[in-house]
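Taking it in order: structure first as structure tokens, then the write-up.
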Amino acid sequence: MMLQYAANGIILGATLALGAIGLTLTYNILRFANFAHGEFLTFGAYFALVFVSLFAGGAGTLGPLSFGWGLIAALLAAGVLTAGLALLLDWLLFRMPRKSNIQVTLVIASFGASLLLRNLVIFIWGSQPEYYSRNIAIAIQVLPGLRLTADEMFVLAVTALMMFGLHVFLSHTRLGKAMRAVSDNPALASITGIHVQGVIRWTWVVGGSFAAVAGVLFGLTVQIAPDMGFNLILPMFAAAILGGIGSIYGAVLGGLIIGLAESMSVPLIGSAYMPAVGFLMMFLILLVYPRGLLGDRS
């Protein structure tokens with residue numbers, strides 16, 4: 001039974017990790033905590049829902065999965081649209097305060113944007129939960145005491161693929177290296193010829209698209225609801241802080257630890273206290289590693 005809870009925690013942690021990557025990128029390059037990031041997950045999930053409905057005419061499932069090619073196409077479209085939403089929000093709201101270099105204003109503005117976007121979701125799509133498919137996902141036995149659905153395996157595969165792709169992007173592409181340089185020292189990066197504003201735009205694109213995928217994957221395994229981003233934003237912040245704020249790989253590790261801690265606590269204290277357990281784990285680790293597990297030690 002504990003093996004099953006551990007698997008559930010890894011699946012939850014994968015979603016948190018994808019979301020925490022966007023948070024830590026924003027903080028590392030733009031130097032502020034973006035509370036509106038959770039709503040990018042929500043909008044990504046609902047954008048995908050729109051396209052799933054449009055592609056419903058070619059409905060069918062892919063093998064044991066509960067969905068077909070329509071959801072995969074919707075996932076790509078949601079990533080593009082959510083990246084566009086992130087760029088639009090930056091242009092309308094964050095651009096001017098960022099020029100003034102007032103971090104408090106940016107944080108408060110992001111909190112207000114979060115409230116606005118959440119209510120906009122309710123206005124457009126309503127307050128009732130939605131699902132991508134009404135097909136029943138059948139769990140199969142993977143190991144003794146461990147059963148997973150094909151959808152859950154799909155979530156893990158997509159998460160692993162995206163994390164590997166991000167690693168290659170940051171390590172081996174010119175733009176990825178520029179993003180790392182700007183995160184270390186924006187002024188010095190600008191002097192060396194790096195287009196800092198272009199890097200900032202790409203930061204929103206990467207963070208927004210990763211958030212969209214996280215929202216779709218969460219909606220696929222749980223449900224789509226207007227408050228899903230709001231419910232996930234604090235665990236994502238906890239994952240980013242636990243792993244070491246500013247560290248991409250730390251965000252991944254933090255997400256998995258928070259997910260495991262929350263899920264493994266369910267048989268002991270019940271599901272109502274899952275968020276508290278995640279934060280307790282964060283506090284305990286920060287007592288030993290004040291900068292996070294993979295944070296800068298300098």
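All residue numbers in this chain count up from 1 along the given sequence.
In this structure, the separation between OG on Ser110 and CG on Asn34 is 5.0 Å, given to the nearest 0.5 Å. One finds the CG atom of Leu166 at 9.5 Å from the CG atom of Leu18 (value rounded to the nearest 0.5 Å). We find the CD-CD1 distance between Glu39 and Ile233 to be 7.5 Å, quoted to the nearest 0.5 Å.
With sequence neighbours excluded, no residue satisfies ring-ring contact (aromatic ring centres under 6.0 Å, His included) with Tyr27. Not counting sequence neighbours, the partners of Ala109 by the side chain to side chain contact (heavy atoms under 4.5 Å, CB included) test are Leu93, Phe94. Every residue was checked against the side-chain hydrogen bond (donor to acceptor under 3.5 Å, both in side chains) condition with Tyr5, not counting sequence neighbours, and none meets it.
By the neighbour-count criterion of 12 heavy atoms within 6.0 Å, atom OH of Tyr249 is densely surrounded, having more than that number from other residues, nucleotides or ligands. Within a 6.0 Å radius of CZ in Phe169, more than 12 heavy atoms belonging to other residues, nucleotides or ligands are found.
When all heavy atoms of Met179 and Leu25 are compared, the pair lying nearest together is CE-CD2, 4.2 Å. Residues Phe43 and Thr82 share a closest heavy-atom pair of C-OG1, 4.3 Å. Shortest non-hydrogen contact noted between Ala261 and Met281 is CB-CE, 4.0 Å. Residues Ala20 and Met236 approach most closely at CB-O, 3.7 Å, considering heavy atoms. Taking all atoms of both residues into account, the shortest heavy-atom contact from Met228 to Gln223 is SD-O, 4.3 Å. When all heavy atoms of Gln141 and Leu143 are compared, the closest pair comes out as CG-O, 3.3 Å.
Phe279 and Phe283 have tilted rings, their planes meeting at an angle from 30° to 60° on a 0 to 90° scale. Phe35 and Phe237 have tilted rings, their planes meeting at an angle from 30° to 60° on a 0 to 90° scale.
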Going by atom type alone, with no hydrogens or angles, which donor-acceptor pairs under 3.5 Å involve a side-chain atom of residues 193-204 and a protein atom two or more places apart or on another chain?
from   : atom 1 : to     : atom 2 : distance (Å)
Thr203 : OG1    : Val199 : O      : 2.8
Trp204 : NE1    : Asp90  : OD1    : 3.1

What pairs of donor and acceptor atoms, side-chain ones from residues 205-219 against any protein atom, are under 3.5 angstrom apart with sequence neighbours left out?
from   : atom 1 : to     : atom 2 : distance (Å)
Ser209 : OG     : Val205 : O      : 2.9
Ser209 : OG     : Val206 : O      : 3.0

For residues 150-163, run the donor-acceptor check on the side chains, cut-off 3.5 Å, and write out each pair with its distance to 0.1 Å, sequence neighbours left out.
from   : atom 1 : to     : atom 2 : distance (Å)
Asp151 : OD1    : Ser66  : N      : 3.1
Asp151 : OD1    : Ser66  : OG     : 3.4
Asp151 : OD2    : Ser66  : OG     : 2.4
Glu152 : OE1    : Thr149 : N      : 3.0
Thr159 : OG1    : Val155 : O      : 2.8

